[in-house]
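The block underneath contains the structure these notes are about, expressed in structure tokens.
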Amino acid sequence: MRTDVCEQFGIEFPLFAFSHCRDVVAAVTNAGGFGVLGAVAYSPARLEEELRWIDDHVGGRPYGVDVLVPAKIDESAERAARGDGGLDTMLAAVPKEHWDFLFGLFEKYGVPLPDFEAAKRAGGRGGTQVTTRGATELIDVALAHPIGLIASALGTPPPLMVERAKSAGVPVAALVGTVEHARRQVAAGVDLIVAQGGEAGGHTGEISTMVLVPEVVDAVAPLPVLAAGGIATGRQMAAALALGASGVWCGSVWLTTEEAETSPAVKAKMLAASSRDTVRSRSRTGKPARQLRSAWTDEWESAASPGPLGMPLQMIIAEGAMRQISKVAESGNEGARDLANYFVGQCVGLMNTVKPARQVVYDMIEEFAEAVDRLDRITTTD
């Protein structure tokens, strides 16, 4: 099972685990995989705290950081981030009709209103992390730590990111959803391509993993490719390597682990969900992102909705509201439970039990070995 990425990154298994939870990142890294912390949810100061914690808990083993660097965001938000108005200017860019629609959702579903000024500012601070300046600050924090990889989660990494990473001796990865995206990433100087099929949770395209991976492998060879998109089992891991990938990149499967950041109410929804219970929706970030279908996604697609805004303005609306929704859902409020959701891929139908992240790694590797043995027996018999 020692593929080229195992040698390149000094890991035992070619299993890369994306998570917003530092505990998951550390657990997977310590189990022989490669944990990758999603940084978009953090301010620079908070990211510094998280990475310092990981450094203290992985004993020098390799891990990475994933930064959301979109190729294009709402122009008014980018101007606000560059100008003197800052957060207040960005908040002012959200139309009143969208705030009114949000207030109406809280009333319709019987969810107590939060301190909306505080919620708006919390969402706004999250939105600034996907501006050029905000992403650059996170990149600088990440490269100040002994990370083994930095990844661009949405769009071609900017030259500054590639240059700073190369200077620090840190490989750069990029997620792609089409062959054309992959070719642009190679031209930008990335070292590792993550071919993410439409089954994936979060921001994703429409081409399936089974089709996308071999296309990208052929297009960018000899650059290594990780397969992503709905991968949650060792059998799928074996299939990915058969398609030419050097390993896998998994995100959703960690959301029902014991360590996951997922709220109990949402985790319960995931455990009960089928693979048909997800939807690609712009209702959380402003860009198509696969997530659990809920009253939230349905309402933003309804005729009464003013329609989702672009990134990061929709993030400002959604993330501040979701904090309150998740909090109230834990008290048993049915309306909040109906609205609550989170990013997750179609493999949610395979996520039926709560396990420690380390056990998920071991189970995947054991099943991978069984799948390879089964194929070997078939080949030998033939």
Side-chain angles (χ1 to χ4, degrees), residues 9-13 15-69 122-123 125-130 134-153 161 164-165 168-173 175 192 194 201-202 249-264 266-267 315 319 322-323 326-327 330 342-344 354-362 364:
F9 292 98
I11 53 180
E12 186 175 355
F13 310 124
L15 172 60
F16 289 66
F18 169 84
S19 176
H20 292 292
C21 175
R22 67 186 188 183
D23 298 86
V24 170
V25 170
V28 174
T29 284
N30 288 330
F34 192 100
V36 182
L37 183 70
V40 71
Y42 301 119
S43 66
R46 178 66 186 280
L47 180 61
E48 172 64 31
E49 294 176 10
E50 299 295 291
L51 297 184
R52 192 181 302 123
W53 185 93
I54 294 173
D55 292 339
D56 291 341
H57 286 79
V58 297
R61 297 179 184 87
Y63 72 94
V65 174
D66 178 286
V67 181
L68 193 64
V69 191
R125 284 189 291 271
T128 62
Q129 305 310 326
V130 299
T136 300
E137 291 174 348
L138 295 178
I139 291 167
D140 288 343
V141 171
L143 292 175
H145 288 261
I147 61 173
L149 178 74
I150 189 165
S152 175
M161 177 179 177
R164 294 188 182 180
V170 176
V172 179
L175 279 72
L192 179 68
V194 181
W249 174 286
C250 304
S252 297
V253 69
W254 315 108
L255 294 172
T256 52
T257 60
E258 291 179 357
E259 300 93 335
E261 78 279 12
T262 327
S263 71
V266 171
K267 188 178 290 188
M315 293 174 68
E319 296 317 303
M322 275 296 169
R323 293 187 187 194
S326 295
K327 177 181 176 181
E330 296 314 312
Y342 199 59
F343 308 103
V344 71
V354 177
K355 303 176 184 178
R358 176 185 290 268
Q359 189 61 50
V360 173
V361 173
Y362 294 155
M364 288 184 70

**Prompt:** Can you tell me if Glu259 uses its side chain to pair, donor with acceptor, with the backbone of Ala27 under 3.5 Å?
**Reply:** no
**Request:** Name the orientation class of the two ring planes belonging to Phe9 and Phe16 (parallel below 30°, tilted from 30 to 60°, perpendicular beyond 60°).
**Result:** perpendicular
**Asked** Backbone N or O of Val344 within a donor-acceptor pair of the Ser252 side chain at under 3.5 Å?
**Response** no
**Request:** Would you check, one step at a time, whether the test side-chain contact (heavy atoms from CB on, under 4.5 Å) holds for Arg164 with Thr136?
**Result:** CA-CA 10 Å; Arg164 294 188 182 180; Thr136 300; 3.7 Å; yes
**Request:** Go through the steps for Asp66 and Trp249 under the test side-chain contact (heavy atoms from CB on, under 4.5 Å), then give the verdict.
**Result:** CA-CA 12 Å; Asp66 178 286; Trp249 174 286; 3.8 Å; yes
**Request:** Determine yes or no for a side-chain-to-main-chain donor-acceptor pair under 3.5 angstrom, with Asp140 supplying the side chain and Pro44 the backbone.
**Result:** no
**Message:** Looking at every non-hydrogen atom in both residues, tell me the closest pair between Pro62 and Gly10 and how far apart they are.
**Reply:** CG-O, 3.9 Å
**Asked** So, for Ser19 and Val24, which heavy atoms are closest and what is the spacing to 0.1 Å?
**Response** OG-CB, 3.5 Å
**Request:** For residues Glu50 and Arg22, report the shortest heavy-atom separation together with the two atoms involved.
**Result:** OE1-CD, 3.2 Å
**Prompt:** What are the two closest heavy atoms between Trp53 and Ala26, and how far apart are they?
**Reply:** CZ3-CB, 3.8 Å
**Prompt:** Do side-chain atoms of Lys267 reach the backbone of Thr257 as a donor and acceptor pair under 3.5 angstrom?
**Reply:** yes
**Request:** Report the residues that fulfil salt bridge (Lys or Arg N to Asp or Glu O under 4.0 Å) with Glu261, sequence neighbours left out, ordered by chain and then residue number.
**Result:** none
**Fill in**
When every non-hydrogen atom of Gly202 is compared with those of Phe343, the smallest separation belongs to N-CB, 3.9 Å
**Complete:** Looking only at heavy atoms, the pair that brings Tyr63 and Val65 closest together is CE1-CG2, 4.4 Å
**Message:** Would you call the rings of Tyr342 and His20 parallel, tilted or perpendicular, taking 30° and 60° as the class edges?
**Reply:** perpendicular
**Asked** Do the side chain of Arg61 and the main chain of Val58 share a donor and acceptor less than 3.5 angstrom apart?
**Response** yes
**Item:** With Glu48 via salt bridge (Lys or Arg N to Asp or Glu O under 4.0 Å) - residues at least two apart
**Value:** Arg52
